[in-house]
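Only one structure is covered here, and it is reproduced in the block below.
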Amino acid sequence: VSTQSTWGLNTAKRLSRTMDEQYDAIVLGTGMTECVLSGLLSMKGLKVLHMDRNPYYGGECASLNLEQLYAKFNKGPPPADLGKSHQFNVDLTPKLLMANGNLVKILRKTVSDRYSMEFLLIEGSYIVRGGKIHKVPATDKEALTSALMGIFEKRRCAKFLSYVQDYDPAEPKTQKGYDLNTMTFKELVTKYDLESATVDFLGTAVALELTDEFLKKPALPTVKKLQLYEESATMYQQGKSPYVYPMYGLSDIPQAFARLCAVHGGTYMLHKNVDKIHMEDGVFAGVESEGQVAKAPMVVGDPTYFADKVRKTGQVVRCICLLDHPIPNISDNSKSCQIILPGKETKRAHDSYIVCVSGIHKVCPDGLYLAIVSATVETTPEKDIAHGLSLLGTIKEKFMAVYDQFEPLADGTKDKCFISKSLDATSTFETCGEDILDLYQRITGTPYTSD
């Protein structure tokens, strides 16, 4: 409580400062990507101004209490039997963190210890096959007990995963003569006689590939993703899944990086509209708000601030579901899990995702569960999440929203407008982490290292 109170006072002081100053960088929006970058840039010694039109931190990653949730979706006052409003921290865009992924590595190096952030292991990772929910095997030992494969395929898969776990680009003896920089992933799995169904779930649920294009590309990037899954899944003794989730919801992460930026001299202005973006000779020069102009040689921001510099790539539907029971047909009645519904299973072009968290994460009262179904919109939002909703059992309440997806038209190196991508339908922050690292390198000219 004292940390939050101090943060509030320090922020209030910073908000009172005038905009009419010269900065090294201006950041627009307080979503996950923007807050992480503002923290990293301020640590690098840059003088940062961080603005958001909203009166709260987090953007799409904001967490709401129960009253805020019902108000946002125009559902009136919440029922009294659900519990007290402050017991809920409902993420608008719930995503899991890979335990050894890029974003967690950044967190470890910068804010997790400084602000005593706590994370819990997600209890299980699953995939739907033939209408049934199956545990995703990540290691050679798990492959031998998986119900996804027959007895002979289990052995072939275990042998393949053993090769993946041992593979080291710097050690030729681990490579078995395969050059993964030239050999495609399809050629690699053919060496192990893996069935197409096995390759599908390895690509979809373990490597987290978004399309089948990885089969035609060099195998090394996908092998590294398989290794990351295994490393994350075995990082802790429980070994139930490779994913972690923060206590009290996701919004503490962007807020932690906002604190980090403030500690290093950053200035924050919430509830501050951007009236105009100033360009000089096609290069960013500053932002104007309420007659004041803040100048800087570059800007970082989410796509909603740059209507003429982004293109719409599609839509994502997310449906927050309040349950009073764990998701049915999961053998251990997990209080938290991820479920992937492959596009081939649901006759869709894209996969669909379910994330379930509960009272153990302090996001709702004990005995309740929050399950969120997300999908790329292909037909209608309702149809596109129907398969996911059907797996949840009885639903007490639903909150559905559709979000437009954008990506920048240019990389920002010429006009100095470095624009992030919208958060996608996937259930993890892996694509977001890739965007953060890519933006950081474009902005600073050097790659970020979490060593």
Side-chain angles (χ1 to χ4, degrees), residues 90-91 94-96 120-139 141-151 153-154 157 195 197-198 200-206 208 229 233 238-245 317-348 350-361 363-375 382-400 425-428:
V90 183
D91 294 321
K95 285 179 176 283
L96 309 177
L120 282 184
L121 195 67
I122 294 296
E123 294 181 16
S125 179
Y126 301 87
I127 188 171
V128 176
R129 168 81 68 77
K132 295 182 178 180
I133 301 175
H134 299 271
K135 176 77 166 60
V136 176
T139 65
K141 292 181 180 179
E142 284 192 348
L144 290 172
T145 60
S146 174
L148 284 166
M149 299 169 284
I151 184 169
E153 182 68 1
K154 287 179 182 179
C157 185
E195 297 173 358
T198 302
D200 283 344
F201 84 71
L202 287 175
T204 297
V206 183
L208 304 179
Y229 192 103
Q238 299 97 323
K240 294 180 179 180
S241 88
Y243 304 113
V244 294
Y245 191 80
V317 54
R318 298 187 178 98
C319 187
I320 302 168
C321 301
L322 184 59
L323 313 178
D324 58 7
H325 56 80
I327 294 179
N329 302 314
I330 294 180
S331 57
D332 55 1
N333 290 321
S334 297
K335 293 184 181 295
S336 61
C337 67
Q338 177 205 231
I339 303 174
I340 297 179
L341 294 84
K344 293 179 180 179
E345 179 75 19
T346 58
K347 294 183 172 61
R348 285 170 34 85
H350 299 84
D351 302 332
S352 304
Y353 305 87
I354 299 173
V355 169
C356 182
V357 290
S358 63
I360 63 172
H361 303 94
V363 295
C364 59
D366 290 338
L368 294 180
Y369 298 77
L370 293 172
I372 301 89
V373 182
S374 59
E382 293 79 6
K383 289 182 180 179
D384 290 322
I385 59 171
H387 287 94
L389 294 178
S390 69
L391 299 176
L392 302 184
T394 303
I395 300 172
K396 288 181 70 70
E397 187 61 271
K398 292 186 294 187
F399 308 86
M400 189 180 77
T426 60
S427 53
T428 74

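Numbering starts at 1 and runs along the sequence shown.
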>> Within this structure, what is the CD1-CD1 distance for the pair I395 and I320, rounded to the nearest 0.5 Å?
In response: 12.5 Å
>> What I'd like to find out is whether the side chain of D351 reaches to under 4.5 Å of the side chain of T204, using heavy atoms alone.
In response: yes
> With sequence neighbours excluded, what pairs up with D91 under the salt bridge (charged side-chain N to carboxylate O under 4.0 Å, His left out) test?
Replying inline: none
>> Quick check: closest heavy atoms across L392 and L323, and the distance to 0.1 Å?
In response: O-CD1, 4.1 Å
> So which heavy atom on Y245 is nearest to which on P94, and how close?
Replying inline: OH-CB, 4.5 Å
>> Just verifying a value: how many Å separate C157 SG and L202 CG, rounded to the nearest 0.5 Å?
In response: 5.0 Å
> Could you give the distance from CD1 (I133) to OG (S334), rounded to the nearest 0.5 Å?
Replying inline: 10.0 Å
>> Holding to side-chain contact (heavy atoms from CB on, under 4.5 Å), I want the full list of residues that pass it with L341, two or more places apart in sequence or in another chain.
In response: V128, I339, T346, S352, I354, H387, L391
> Step by step, would you call S125 with Y229 a side chain to side chain donor-acceptor pair (under 3.5 Å)?
Replying inline: CA-CA 11 Å; S125 179; Y229 192 103; 3.1 Å; yes
>> Listing request: all salt bridge (charged side-chain N to carboxylate O under 4.0 Å, His left out) pairs with a residue in residues 317-326, at least two apart in sequence or in separate chains.
In response: E60-R318
> Could you walk me through whether I372 and C319 pass the side chain to side chain contact (heavy atoms under 4.5 Å, CB included) check?
Replying inline: CA-CA 5 Å; I372 301 89; C319 187; over 6 Å; no
> Hey, are S241 and Q338 close enough side-chain-wise for a donor-acceptor pair under 3.5 Å?
Replying inline: no
>> Which heavy atom of A375 sits nearest to which heavy atom of R348, and what is that distance?
In response: CB-NH2, 3.7 Å
> Is there a side-chain contact between L148 and F201 (heavy atoms, below 4.5 Å)?
Replying inline: yes
>> Working to the nearest 0.5 angstrom, can you tell me the gap between L96 CG and S427 OG?
In response: 5.5 Å
> Heavy-atom distance under 4.5 Å between the side chains of I330 and Y126, does that happen here?
Replying inline: yes
> Taking only residues two or more places apart in sequence, or in another chain, which ones meet I360 in a side-chain contact (heavy atoms from CB on, under 4.5 Å)?
Replying inline: L120, E123, K335, S358
> With no hydrogens and no angle check, do the side chains of T426 and K95 hold a donor and an acceptor under 3.5 Å apart?
Replying inline: yes
> Taking C-beta and beyond as the side chain, do S336 and H361 meet within less than 4.5 Å on heavy atoms?
Replying inline: yes
>> List the residues meeting side-chain contact (heavy atoms from CB on, under 4.5 Å) with K132, not counting sequence neighbours, and say none if there are none.
In response: H134
> Among E397, K398, K396, M400, which one satisfies side chain to side chain contact (heavy atoms under 4.5 Å, CB included) with C321?
Replying inline: K398
> Are I122 and V355 close enough, and set up right, to give a side chain to side chain contact (heavy atoms under 4.5 Å, CB included), and what steps lead you there?
Replying inline: CA-CA 10 Å; I122 294 296; V355 169; 5.9 Å; no
>> Would Y243 and T428 count as a side chain to side chain contact (heavy atoms under 4.5 Å, CB included) here? Give the steps.
In response: CA-CA 8 Å; Y243 304 113; T428 74; 3.5 Å; yes
> Of the non-hydrogen atoms in A205 and V136, which two are nearest, and what is the gap between them?
Replying inline: CB-CG2, 3.8 Å
> C364: what forms a side-chain contact (heavy atoms from CB on, under 4.5 Å) with it, not counting sequence neighbours?
Replying inline: F88, L368, L370
> Which value, rounded to the nearest 0.5 Å, describes the distance between M149 atom CE and K154 atom NZ?
Replying inline: 7.0 Å
> Between atom CZ of F399 and atom CG of L322, what is the distance when rounded to the nearest 0.5 Å?
Replying inline: 6.5 Å
> For A197, does its backbone N or O pair with a side-chain atom of R129 as donor and acceptor, under 3.5 Å?
Replying inline: yes
